[in-house]
Amino acid sequence: ARNGSGVMGVAFDSPIISLNTANPNDCSDTDGCKHSDSDIARAIDLARVGGARVINISLGGVDSSNVVNNAIARAAAAGIVVVMSAGNSGADPAGGNPEGFALGAAARNANVIIAGAVDQSRNIASFSNRAGTGANSYLTALGERVVAPDETGALFRWSGTSFSAPIISGSVALLASAFPNLTGQQIINILYASADDAGAAGVDPVFGHGILNITRAFQPIGTLSLPDGKIPFDPAAGDGTSTGPMGDAAPRLSGVVVLDGFARAYVVNLAQTLRQAPPDQPLVQGLQPGLSTATAARGATAVSITVNRNSVGQPEVGLAQLGLTYQDARKVHVLSGLAISRLTRRTAIAFGISESGRTLQQRLVAGGDHAFLVARDPMTRMGFSGGASSSLGVRQAVGRFGITLTSERGHVYQPWADQRLVQPRYRVDALSLDRRFGRALVTFGASRLAEEQTVLGAHFSGPVGTGGATSWFLDTGAHYALGRGWGLAANYRRGWTAMPGQSGLARNGRLATDAWSFDIAKEGAFRRGDSFALRIMQPLRVRSGGIALNVPVSYDYATLTAGYESRLFSLAPTGREIDVEAVYGLPWLGGRLTANAFARRQPGNIAALSPDLGGAMRFTLGF
């Protein structure tokens with residue numbers, strides 16, 4: 001009983017069938033009591049019929065008994081674990097092996113555990129028979145100075161394998177009570193697998209499988225999986241990696257039921273298992289050493305190519321496409337390329353290499369953007385950078401309106417992933433409508449982003465894995481020329497993302513996102529040829545939503561089925577990035593000197609990050 005009085009057993013409140021196989025007429029003070037094989041076999045059968053899950057036999061003897069072994073075999077067939085004392089003849093020459101009574105039973109029945117004893121220092125007890133030839137069935141537990149009552153209820157400290165055996169038997173009962181689905185053989189395997197290794201590494205002839213460790217026996221063993229579908233679950237692997245729009249989103253799912261390798265149910269908390277992607281470093285990206293941009297124009301066609309001369313390897317596109325010599329190609333790595341051609345007065349076409357469709361649309365409609373290094377156009381990226389991308393755009397003037405179609409394809413660049421592996425693909429198709437109203441240029445647009453394996457560039461795995469996503473964005477923007485070189489611009493994007501479920505928990509998902517920017521600019525701000533621009537913007541950010549999960553929260557061992565509840569794996573961050581950047585440029589020494597100063601609040605939509613402050617000065621000289 002667990003009543004705060006006396007000794008608390010290993011498996012408190014377990015029903016016990018106590019059967020005495022000793023004949024009082026065959027007992028002496030020197031030799032103890034004799035136990036006949038037929039009485040022991042009869043006791044084993046009574047325990048089996050009575051519904052016992054474990055039978056403890058704290059008896060010993062030098063000989064194996066067929067009648068007892070047959071009774072043990074009947075118990076084993078019923079799934080009962082039988083624990084037998086190894087013997088207290090460790091100091092004798094024959095003490096290197098368990099006594100024959102236990103050794104013979106274990107040799108014939110897999111459901112037998114031979115119990116050895118360790119002392120208070122976790123050394124093999126001097127009196128305990130060793131594992132020897134019975135090592136594969138041998139397990140030790142405390143057998144020296146074990147507190148237990150005598151027949152009168154008085155407490156004493158006892159020593160012997162007759163007291164280590166009940167501790168192991170209690171552990172078997174405890175496991176059977178906590179996990180009713182376990183078979184006797186599974187319980188034995190759990191005790192062996194969770195035992196503390198002692199003596200020589202592995203199963204050895206002294207400690208056998210080692211020393212009983214009840215705590216480890218109750219911890220999960222083997223691969224964790226979700227109930228029913230048995231989908232593997234690795235808590236150490238996390239649930240994926242987020243991207244900028246999700247920022248510091250820390251979904252918390254408590255009370256989720258998983259099964260271990262023995263189909264035992266455990267409750268885990270899926271808390272903060274979503275790894276945060278490192279925030280972008282746009283200034284570092286924009287000021288890479290070795291960057292060179294070349295432009296050329298002839299008539300209605302203009303071409304721009306940016307390369308990195310410090311990169312090793314061949315360019316990403318063919319030499320003929322770039323017009324590079326072979327020697328040039330060995331020295332540079334193409335970062336981006338843009339070509340615009342006006343086919344007619346009302347029709348223009350643009351091609352891009354590592355340029356977004358939004359960039360093409362801006363060049364075809366408005367002609368470009370200010371030289372912001374950090375607060376870049378928030379409509380250009382959709383939460384990720386495109387690697388090895390290509391884009392195509394066409395603008396057609398129809399009356400007072402302009403219609404622009406763009407298409408962009410590429411791979412989602414994931415800096416944390418192994419770049420040698422195939423990166424997930426994406427595609428963006430967009431349609432925009434623009435019209436001028438006097439000094440104002442107004443644009444409306446819609447775009448569709450299709451991702452094969454990611455969600456706004458984020459990757460989800462494990463219980464919350466999704467099979468890609470489809471996003472729709474609506475954009476509106478206005479540019480207004482105030483006169484005297486002043487101009488205002490504002491842009492807003494609203495997005496909706498849908499995710500199909502893929503794993504055993506994910507059913508579907510919905511996200512709402514937005515991004516915006518506001519610009520003020522002045523040409524000829526202080527002197528002829530100079531320019532000033534200021535931008536305040538918010539990059540794309542998840543406003544609300546997440547992945548809808550069907551989460552197992554209970555488990556019925558009687559039916560081996562789980563109970564489920566609907567939970568939301570929220571992907572909305574608490575942080576909100578706001579970027580402010582000013583840029584000033586003027587002609588100087590035949591080139592152009594540009595100065596940038598910026599401040600980023602909660603970079604990457606991560607509330608815990610300190611503001612990112614900085615500046616840069618660049619001098620560009622063309623030849």
Side-chain angles (χ1 to χ4, degrees), residues 1-21 43-44 46-59 72 75-76 78-86 102 111-118 122 137-151 153 155-196 209-221 260 262-267 555 557-558:
R2 191 177 193 180
N3 55 14
S5 175
V7 176
M8 183 179 71
V10 174
F12 51 86
D13 291 337
S14 294
I16 295 176
I17 302 173
S18 179
L19 300 169
N20 184 5
T21 59
I44 294 172
L46 287 172
R48 171 175 55 82
V49 175
R53 292 298 308 272
V54 57
I55 297 175
N56 183 88
I57 303 179
S58 287
L59 296 173
I72 292 176
I80 301 172
V81 178
V82 178
V83 181
M84 305 179 70
S85 297
N111 274 33
V112 172
I113 298 177
I114 301 176
V118 293
R122 295 170 61 85
S137 302
Y138 189 94
L139 182 67
T140 65
L142 182 65
E144 183 181 87
R145 299 177 61 79
V146 177
V147 178
D150 67 359
E151 72 277 9
L155 296 179
F156 289 90
R157 296 186 181 274
W158 307 80
S159 296
T161 56
S162 288
F163 297 91
S164 58
I167 293 178
I168 296 176
S169 296
S171 302
V172 173
L174 200 60
L175 285 168
S177 175
F179 307 106
N181 63 306
L182 294 177
T183 66
Q185 191 59 55
Q186 286 178 320
I187 291 175
I188 292 175
N189 291 339
I190 289 171
L191 292 179
Y192 289 165
S194 60
D196 294 333
H209 286 277
I211 304 173
L212 174 72
N213 188 325
I214 300 177
T215 300
R216 287 182 56 187
F218 273 80
Q219 294 173 350
I221 296 176
D260 75 346
F262 290 92
R264 295 183 293 175
Y266 290 87
V267 173
Y555 193 75
Y557 282 106

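Throughout, numbering of the chain's residues begins at 1 and tracks the sequence. Hydrogens, waters and symmetry mates are skipped; everything else that's a heavy atom, side chains included, is used.
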Peer 1: For Ala148, is there any backbone N or O sitting under 3.5 Å from a side-chain donor or acceptor partner on Arg157?
Peer 2: no
Peer 1: So which atom in Ile55 and which in Ala52 form the shortest heavy-atom distance, rounded to 0.1 Å?
Peer 2: CG1-CB, 4.5 Å
Peer 1: Of all residues at least two apart in sequence or in a different chain, which pass the side-chain contact (heavy atoms from CB on, under 4.5 Å) check with Ala195?
Peer 2: Leu139
Peer 1: Can you name the closest pair of heavy atoms from Leu155 and Pro149 and give their distance?
Peer 2: CD2-N, 3.8 Å
Peer 1: Return the CG to CD1 distance between Leu175 and Ile214, rounded to the nearest 0.5 Å.
Peer 2: 8.5 Å
Peer 1: By side-chain hydrogen bond (donor to acceptor under 3.5 Å, both in side chains), which residues pair with Arg145, not counting sequence neighbours?
Peer 2: none
Peer 1: Tell me, please, which residues at least two apart from Ala176 pass side-chain contact (heavy atoms from CB on, under 4.5 Å).
Peer 2: Arg53, Ile187
Peer 1: With a 3.5 Å cut-off and sequence neighbours excluded, list the donor-acceptor pairs that the side chains of residues 177-186 form with protein atoms.
Peer 2:
unit_1	atom_1	unit_2	atom_2	d
Asn181	ND2	Phe262	O	3.3
Asn181	ND2	Ala263	O	3.1
Thr183	OG1	Gln186	N	3.2
Gln185	NE2	Asn189	OD1	3.4
Gln186	OE1	Thr183	N	3.0

Peer 1: Looking at residues at least two apart in the chain, or sitting in another chain, which of them share a side-chain hydrogen bond (donor to acceptor under 3.5 Å, both in side chains) with Ser137?
Peer 2: none
Peer 1: Which residues satisfy the side-chain hydrogen bond (donor to acceptor under 3.5 Å, both in side chains) test with Asn20, sequence neighbours excluded?
Peer 2: none
Peer 1: For Arg48, check salt bridge (Lys or Arg N to Asp or Glu O under 4.0 Å) against everything at least two apart and list the hits.
Peer 2: Asp45
Peer 1: Can you list every pair that meets salt bridge (charged side-chain N to carboxylate O under 4.0 Å, His left out) and has a residue in residues 211-221, with sequence neighbours left out?
Peer 2: Asp196-Arg216
Peer 1: Restricting to non-hydrogen atoms, name the atom on Ala115 and the atom on Val83 that form the minimum distance, rounded to 0.1 Å.
Peer 2: CB-CG1, 4.1 Å
Peer 1: Give the minimum heavy-atom separation between Ala75 and Ile44, together with the two atoms involved.
Peer 2: CB-CG2, 4.1 Å
Peer 1: Is Thr21 close to Leu59 at the side-chain level, that is, under 4.5 Å between some pair of heavy atoms?
Peer 2: yes
Peer 1: Working to the nearest 0.5 Å, report the span between CG of Asn111 and CD1 of Ile188.
Peer 2: 4.5 Å
Peer 1: Please name all residues satisfying side-chain hydrogen bond (donor to acceptor under 3.5 Å, both in side chains) with Ser58, sequence neighbours left out, ordered by chain then number.
Peer 2: Asn56
Peer 1: What residues form a side-chain contact (heavy atoms from CB on, under 4.5 Å) with Ala102, not counting sequence neighbours?
Peer 2: Met84, Ile114
Peer 1: So does Thr161 get a backbone contact from the side chain of Ser85, meaning a donor-acceptor N/O pair under 3.5 Å?
Peer 2: yes
Peer 1: Is the CD1 atom of Ile16 crowded by more than 12 outside heavy atoms at less than 6.0 Å?
Peer 2: no
Peer 1: Any side-chain heavy atom of Arg264 sitting closer than 4.5 Å to one from Ile221?
Peer 2: yes
Peer 1: What residues form a side-chain contact (heavy atoms from CB on, under 4.5 Å) with Phe163, not counting sequence neighbours?
Peer 2: Val146, Trp158
Peer 1: Could you state the interatomic distance from CG (Asn213) to OG (Ser171), rounded to the nearest 0.5 Å?
Peer 2: 9.5 Å
Peer 1: Would you check if the side chain of Tyr138 reaches a backbone N or O of Ala86 as a donor-acceptor pair within less than 3.5 Å?
Peer 2: no
Peer 1: If you compare all heavy atoms of Ala173 against all heavy atoms of Ala11, which two are closest, and at what distance to 0.1 Å?
Peer 2: CB-CB, 3.8 Å
Peer 1: For Thr140, is there any backbone N or O sitting under 3.5 Å from a side-chain donor or acceptor partner on Ser164?
Peer 2: no
